[in-house]
Amino acid sequence: MKKNNPSIINAWCMYDWANSVHALVIVSSIFPVYFSATALSASGRPEVDFFGFSIKSSVLFSYTVSASFLITALLVPICTAVADYTGKKKRFMQFFCYTGALSCMLLYFFTKDTLIASIFLFGLSLIGWSGSIVFYDSYLPEIATEDNFDRYSARGFSLGYLGSCLLLLFNLSMVLFPQFYGITQKALPARISFFTVGLWWILFAQIPFHYLPEGRSDKQKGGSWILNGFKELGKVYGNLREQPYLARFLAAFFIYTMGLRTVMYVATIFGASELKLPSQSLIITVLLIQLVGIAGSYTFAWLSAQIGNIYALMIGVVIWIGICTGAYYTTEAMEFYMIACTVGMVMGGIQSLSRSTYSKLIPENVSDTASYFSFYDVTEKLAIVIGTFIYGIVEHLTGSMRNSILALLVIFVLGLILLSRIPSLKIYRLELDKQKS
C-alpha cells in the first residue's frame, strides 16, 4: 500500500472525529455532571449504595474508570496479537467501536433507578472506546512515512477536538435551552446527549472503516488463532527488550500518562465537588479546553520539529507540574478556568506527540503494528488504572481531592526524570544506522 495517500490519511483522521465525542461528552463534561447530580443517597448526600457498600459517588466514578481500563489492558494484547496473525485488524477495531457506541446509546436510560446498570454501561463504553483506539493508532506507521507522523497525529487530534466541540455545542444547547426543542423533562437533554454520542460515533466511523485496509499478515496460517496470537505477542515482547530506548520511552510514558489521563477523567468531578461550580460553567469550560487543544496539538508538532520529540514532551510535562501546583491552591472559579485553558494547550499536544514518538521508535516496515501498539495501549491503560485508583484512594483516605492532586504532582516529576534519560530521536536513528552498517 502506498504511504501518505491523502484519501487514506484523511479517513484515518476521521476516526478521531468519530470517537472523540466519547472522551468529551461522556468522560469529561455532560456525563460526569449528570452522574454527580444523579448518584445521590436518599438524603441527598453524594453517596450511593453499590452492592451493599456505601461509597462516595466521585470515588465510585474513579474506581469504574480504573476497573474498565484494567479489563481493557487484559483484553487488548490477546486481541491485537490475533489481529496481526489473522490480518483482521479492522474487524477488531469495528467490534470495540460498536460495543462502545451502543453502550453510550443505552445510557439514555440512566436514571436513579438504573444507576447500577448505568455504571456498568459507562464502564463498557470505556472498554469499547479504548479497545478501538489501539487498532486505530497502529495504522499510523502503515499508512504514513516517519517524517509525517507528528503532523498526521496532530491532524487527527485536532479533528477530534473540532468534531467533539460541534456535538457538545448541540448537546449544550439542549441542556441550556430545552424549551427550544420542546423538552420539558429536566434530565432528558443529558440523556439524549448520551444517545447522540453513540450515534455520531457509529456514523462517522464508517468513513475510516470504508477506506482503511483490513490489515496485513505475512504469517503462515495454521493451528489455533489464540495460541498463535500469544506466540506473536511473545515475539514482539522479545523485540521490545532488544530496543532499550523504546523500553525507556514506555516507562516514561507510563508515569506521565498516569497523571495526564487521571486529570482528564476527574477534572470535571473536581470542579463540581470541590469548587461547587455550576453544571453549565463546567461544560463550557470543557468546551474551551477542546478549542484550545486544537492549537495545542499543532503547537507541539511544531515544537517537536524545532527541538525534537523528547525535549518537546519534557516541556509539556513541566507545564503539567505547574498545572497541578496551581490546581492545589485553586479556590475561585476564574482560577479554575485559567488552569483549564492551560490543560487544553498541553493535553492534546502531549497525547499526539506521544503517539507519533512511539511510531518513530518501533522498527520500520513491520507487519505486527497492532501487537506493538498493544504494549503502548496497555501501558496507557494500566497508567489510567493506577492513576485513577491513586486519586480515588487518596481522596477516600484523606477526604480531600487536593491531596490527590499533590500525588499527581509527584507522578509528573517522576515522569520528567524518566524522560530525561532518553536521548533525542536523532541520536537513536544514528545508532540504528551504525548497527545496520
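- Taking CD1 from Ile133 and OH from Tyr376, the interatomic distance works out to 10.5 Å, rounded to the nearest 0.5 Å.
- The backbone N or O of Phe149 lies less than 3.5 Å from no partner atom in the side chain of Ser356, so there is not a single donor-acceptor pair.
- Using a 4.5 Å heavy-atom cutoff, the side chains of Arg151 and Ile9 are not in contact.
- Here the OH-CG distance, from Tyr108 to Leu199, works out to 13.5 Å after rounding to the nearest 0.5 Å.
- In terms of modelled atom types and a separation under 3.5 Å, the side chain of Thr330 and the main chain of Phe336 share no donor-acceptor contact.
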For a quick test of your reading: what N or O donor-acceptor pairs under 3.5 Å do the side chains of residues 404-412 make, sequence neighbours left out?
residue, atom, partner, partner atom, Å
Ser404, OG, Tyr391, O, 2.8
Ser404, OG, Glu395, N, 3.3

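- Between Ala83 and Phe92, the shortest heavy-atom distance links the atoms CB-CD1, 3.6 Å.
- For Trp17, the ring pair (Phe, Tyr, Trp, His ring centres under 6.0 Å) criterion is met by Trp200, Phe204, not counting sequence neighbours.
- Nearest approach of Ile310 to Ile422, heavy atoms of both residues: CG2-O, 3.7 Å.
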Does the side chain to side chain contact (heavy atoms under 4.5 Å, CB included) test come out yes or no for Ile55 and Tyr63, once each step is laid out? CA-CA 10 Å; Ile55 185 170; Tyr63 286 171; 3.9 Å; yes
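- Here side-chain hydrogen bond (donor to acceptor under 3.5 Å, both in side chains) pairs that include residues 295-305, with residues two or more places apart or in two chains, are Asp150-Ser304.
- By the 4.5 Å heavy-atom criterion applied to side chains, Leu115 and Phe110 are counted as neighbours.
- Residue Leu166 holds its CG atom at 10.5 Å from CG of Leu24, rounded to the nearest 0.5 Å.
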Trace of the side chain to side chain contact (heavy atoms under 4.5 Å, CB included) decision for Phe35 with Ile119: CA-CA 9 Å; Phe35 181 84; Ile119 290 172; 4.1 Å; yes
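- Partners of Thr38 under the side-chain hydrogen bond (donor to acceptor under 3.5 Å, both in side chains) rule, at least two apart in sequence or in another chain, do not exist in this structure.
- Applying side-chain contact (heavy atoms from CB on, under 4.5 Å) to Ile127 and the options Val76, Ile71, Thr99 leaves one that passes, Ile71.
- Under a 3.5 Å cut-off, the side chain of Lys56 and the backbone N or O of His396 do not form any donor-acceptor pair.
- For Arg421, there are no salt bridge (Lys or Arg N to Asp or Glu O under 4.0 Å) partners, not counting sequence neighbours.
- Between the Trp12 side chain and the Tyr136 main chain, a donor and an acceptor come within less than 3.5 Å of each other.
- Side-chain atoms of Tyr139 come within 3.5 Å of backbone atoms of Pro213 as a donor-acceptor pair (strictly under, hydrogens ignored).
- Pairs engaging residues 372-383 under the salt bridge (Lys or Arg N to Asp or Glu O under 4.0 Å) rule: Arg261-Glu380, Asp377-Lys381 [sequence neighbours left out].
- Summarising the geometry of Ile362 relative to Pro141, their closest heavy-atom pair is CD1-CG, 3.9 Å, with the distance given to 0.1 Å.
- Looking at every heavy atom in both residues, Gly326 comes nearest to Ile339 through C-CD1, 3.4 Å.
- Judged by distance alone, with hydrogens and angles left aside, the side-chain atoms of Arg191 form no donor-acceptor pair with the main-chain N or O of Phe109 at under 3.5 Å.
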Side chain to side chain contact (heavy atoms under 4.5 Å, CB included) between Thr379 and Thr257: does it pass, once the steps are laid out? CA-CA 9 Å; Thr379 299; Thr257 296; over 6 Å; no
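- Between atom CG of residue Asn148 and atom CZ of residue Arg155 there is a gap of 8.5 Å, rounded to the nearest 0.5 Å.
- Listed by first then second residue, pairs satisfying salt bridge (Lys or Arg N to Asp or Glu O under 4.0 Å) with a partner in residues 6-28 read Asp16-Arg355, not counting sequence neighbours.
- Between Ile294 and Leu159 the shortest side-chain heavy-atom distance does not fall below 4.5 Å.
- Applying the ring pair (Phe, Tyr, Trp, His ring centres under 6.0 Å) criterion to Phe254, with sequence neighbours excluded, gives no partner residue.
- For Tyr256, the ring pair (Phe, Tyr, Trp, His ring centres under 6.0 Å) partners at least two apart in sequence or on another chain are Phe253.
- A donor-acceptor contact closer than 3.5 angstrom links the side chains of Asn171 and Thr196.
- Closest of all the heavy-atom pairs between Ala144 and Lys3 is O-CD, 3.5 Å.
- In plain terms, the two heavy atoms of Cys97 and Ser132 that are nearest each other are N-CB, 3.9 Å.
- Legend: residues meeting side-chain hydrogen bond (donor to acceptor under 3.5 Å, both in side chains) with Tyr181, ordered by chain and number and at least two apart, are Ser173.
- Between Phe194 and Tyr34, the distance separating the two ring centers is shorter than 6.0 angstrom.
- Note that CZ of Arg248 is 10.5 Å distant from CG of Leu418, once rounded to the nearest 0.5 Å.
- With a 6.0 Å radius and a threshold of 12 heavy atoms from other residues, nucleotides or ligands, Phe95 has its CZ atom at or below the threshold.
- Inter-residue side-chain proximity for Asn5 and Tyr211 is flagged as unmet; no heavy-atom pair is nearer than 4.5 Å.
- Here the side chains of Ile386 and Thr262 are not in contact, with every heavy-atom distance at 4.5 Å or above.
- Under the 4.5 Å side-chain criterion, counting only non-hydrogen atoms from C-beta, Phe31 is not in contact with Cys104.
- Leu40 is not listed as a side-chain neighbour of Val48, based on a closest heavy-atom distance of 4.5 Å or more.
- For residues 67-79, no residue pair satisfies the salt bridge (Lys or Arg N to Asp or Glu O under 4.0 Å) rule, not counting sequence neighbours.
- Only one option out of Ile319, Leu313, Val318 pairs with Ile315 in a side-chain contact (heavy atoms from CB on, under 4.5 Å); it is Ile319.
- For the atom pair CH2 of Trp129 and CH2 of Trp201, the computed distance is 8.5 Å after rounding to the nearest 0.5 Å.
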Please walk me through it: do Ile26 and Ser125 pass side chain to side chain contact (heavy atoms under 4.5 Å, CB included)? CA-CA 9 Å; Ile26 301 296; Ser125 77; 4.2 Å; yes
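- By the 6.0 Å contact criterion, CZ on Phe209 is enclosed, its count of non-hydrogen atoms from other residues, nucleotides or ligands being greater than 12.
- Counting heavy atoms from C-beta on, the side chains of Met174 and Phe180 never come closer than 4.5 Å.
- The closest donor-acceptor contact from the side chain of Ser164 to the backbone of Val21 lies at 3.5 Å or more, if one exists at all.
- If you check the side chains of Asp113 and Thr111, you find no donor sitting under 3.5 Å from an acceptor.
- Applying the side-chain hydrogen bond (donor to acceptor under 3.5 Å, both in side chains) test to every pair with at least one member in residues 338-352, sequence neighbours left out, gives these pairs: Ser153-Ser352.
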